[in-house]
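Here's the structure, in structure tokens; my notes come after.
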2 protein chains.
Amino acid sequence: MVRWQPGARERLQAAALERFAAEGFDGTTVAEIAATAGLTERTFFRHFADKREVLFAGQDEFERLFVAGIEDAPDADPMTVVATALEGATAFFPEDRRSWSRARQGVIDADPGLQERELLKLSGLAVAMTDALCRRGADPIAAALAAESGVAVFKVGFATWIAEGEQRPLAAILRAVLGELRSLLAS
Amino acid sequence: MVRWQPGARERLQAAALERFAAEGFDGTTVAEIAATAGLTERTFFRHFADKREVLFAGQDEFERLFVAGIEDAPDADPMTVVATALEGATAFFPEDRRSWSRARQGVIDADPGLQERELLKLSGLAVAMTDALCRRGADPIAAALAAESGVAVFKVGFATWIAEGEQRPLAAILRAVLGELRSLLAS
DNA sequence: ACGCTCATGTCAGGTACTGACATCAGCGTA
DNA sequence: TACGCTGATGTCAGTACCTGACATGAGCGT
């Protein structure tokens, strides 16, 4: 007889998303999530730094993918490098994740606290990209602007991707949004 | 003999910034801040929705200034309109606020929780700008990108403004940063 | 003198989060 | 087999954030 079942972390994540979607983020206590996963509150906090973080595990991997995309891109100006990395990062969001992403985003959009956390993650992404660009020799201001622009394109593109009725894959959307941004700033 | 001194809100804000700078955000309790201001914890929460918010009161006014700048701008493409609004919003940060802004930013940069809140405020700013641009008839995607770009320029410019040794006024810096962004995306 | 308003105080309570210590299955090793 | 180590989990106590309900009392109009 095992004392504890494996996959505690994943069970907690699944339980949290389910409960948040049903009762709302504020309407769900950590103790409830843990109980749903067959664990205790204390164990939840051993797996996740705080209640919000349970929805954002895996972001590190996404960030690493993005940074790797920058490091591996062929020599070019910062914005083109970012565009290349943007392309590569879409591998993190294959088609079969679209409806799951929609559900998760719905939960986040319903709570300012979760939005804060998402913005912090995206900001961390921009910082990591900026650093990676600087390591390639880019000017710091140019690197920061390119990274922030890349994140802005991703935000707008991702929102479009999970919008009702949207059919295009994320990569195609990101290309279109980036094109729009370029023409916007050409004036 | 008065039962309570006026300016409770301002006293709380001053006490909070002082304590945060000295003991750190986490190392300061709301009860301490309130006591420093000669009030109780409960009163603190009547003035500010949560502990973080005490550092961000006044952001609404800044946002209104920004939106007004967009509404009053002469007819032009979205990015030019945003550039005009950016110009006008610098009135919120006159020279004599620079060192105060530096101190406040130092406190924020030292705590992830405060960074989250700052990002949420900036995101709210971008949303308000997007809406204002849409009301002027801009395309939603173009409006969102212009607003996000404007906020990115402001972030980078503001960080430069409060950097050690920087002399230029904010407006001049923002013009330069925007120029840099334009040339970055021209390729 | 009366009552209204409104900022504040007081108190009880819920929830997030943390530190310290206990438990116990699995596993290697003597 | 017996022993002890490891590591995930449980238990418990405690702090701080935040909220709802109710009390207080100065200022003000009537």
Side-chain angles (χ1 to χ4, degrees), chain A residues 1-57 107-108 110-118 120-121, chain B residues 1-57 107-108 110-118 120-121:
Chain A
M1 186 58 187
V2 291
R3 176 160 153 81
W4 38 267
Q5 301 291 329
R9 191 182 176 84
E10 289 69 25
R11 255 156 45 225
L12 285 167
Q13 291 180 81
L17 183 57
E18 182 191 326
R19 291 301 214 120
F20 290 165
E23 321 277 345
F25 180 76
D26 276 344
T28 308
T29 68
V30 174
E32 282 168 16
I33 299 168
T36 303
L39 296 163
T40 64
E41 190 183 7
R42 191 67 184 87
T43 299
F44 177 96
F45 286 112
R46 286 206 180 89
H47 284 279
F48 306 101
D50 59 49
K51 186 182 172 187
R52 299 171 192 172
E53 201 63 19
V54 68
L55 280 181
F56 295 91
V107 170
I108 293 172
D111 185 89
L114 291 172
Q115 290 162 40
E116 282 188 339
R117 182 54 49 85
E118 179 174 47
L120 188 67
K121 296 290 183 184
Chain B
M1 187 55 189
V2 290
R3 175 161 154 78
W4 37 267
Q5 301 290 331
R9 191 181 175 83
E10 290 69 25
R11 255 155 45 225
L12 285 167
Q13 291 181 80
L17 183 57
E18 182 191 327
R19 291 301 215 120
F20 290 165
E23 322 276 344
F25 180 76
D26 275 344
T28 307
T29 68
V30 173
E32 281 168 18
I33 298 169
T36 304
L39 296 163
T40 64
E41 190 183 3
R42 190 66 183 87
T43 299
F44 177 96
F45 286 111
R46 286 207 181 87
H47 285 279
F48 306 101
D50 59 49
K51 186 182 173 187
R52 300 172 191 172
E53 199 63 20
V54 67
L55 280 180
F56 295 91
V107 170
I108 294 172
D111 186 89
L114 292 172
Q115 291 162 38
E116 282 188 339
R117 181 56 48 85
E118 180 176 45
L120 187 67
K121 296 290 183 181

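Chain letters run A, B, ... following the sequence lines, proteins first and then strands; every chain starts at 1.
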Check the distance between [N]'s [atom2] and [X]'s [atom1] and give it to me in whole angstrom.
X     : N      : atom1 : atom2 : answer
A:I33 : C:dT15 : CD1   : C1'   : 12 Å
B:E41 : C:dA12 : CD    : C1'   : 13 Å
A:Q5  : C:dC24 : CD    : C1'   : 15 Å
B:F48 : D:dC18 : CZ    : C1'   : 15 Å
B:L39 : D:dT24 : CG    : P     : 20 Å
A:F44 : D:dG10 : CZ    : C1'   : 17 Å
B:D26 : C:dT18 : CG    : P     : 10 Å
B:E32 : D:dC17 : CD    : C1'   : 13 Å

**Asked** Would you call B:R52 and A:E116 a salt bridge, taking side-chain N to carboxylate O under 4.0 Å as the test?
**Response** yes
Margin query: Under a 4.0 Å threshold between the charged nitrogen and the carboxylate oxygen, would A:K51 count as salt-bridged to A:E41?
Written below: no
Are any non-hydrogen side-chain atoms of A:L12 and A:R9 less than 4.5 angstrom apart?
-> no
Which listed nucleotide ([options]) is nearest to the side chain of [X]?
X     : options               : result
B:T29 : C:dG9, D:dA16, D:dT11 : D:dA16
A:T43 : D:dT9, D:dC18, C:dA16 : D:dT9
A:R42 : D:dT19, D:dT9, C:dT18 : C:dT18
B:F45 : D:dG20, D:dT9, D:dC18 : D:dC18

Item to complete: For B:A8, report the nucleic acid contact type (base, sugar-phosphate, nothing); a contact means any heavy atom under 4.0 Å.
Response: sugar-phosphate
Just checking A:A49: base, sugar-phosphate only, or nothing, at a heavy-atom cut-off of under 4.0 Å? sugar-phosphate
To the nearest 0.5 Å, atom CG of A:D111 lies from atom CZ of A:R117 at 11.0 Å
Separation between CG (B:L17) and CD1 (B:I33), nearest 0.5 Å, reads 10.0 Å
Report task. Taking only the side-chain nitrogens and oxygens of A:T40, find out if one of them lies under 4.0 Å from OP1 or OP2 of D:dT9. Result -> no
Side-chain N,O (A:H47) to OP1/OP2 (D:dT9) below 4.0 Å: yes
Distance criterion of 3.5 Å, no angle test: do you see the side chain of A:R46 paired donor-to-acceptor with the base of D:dG7?
no
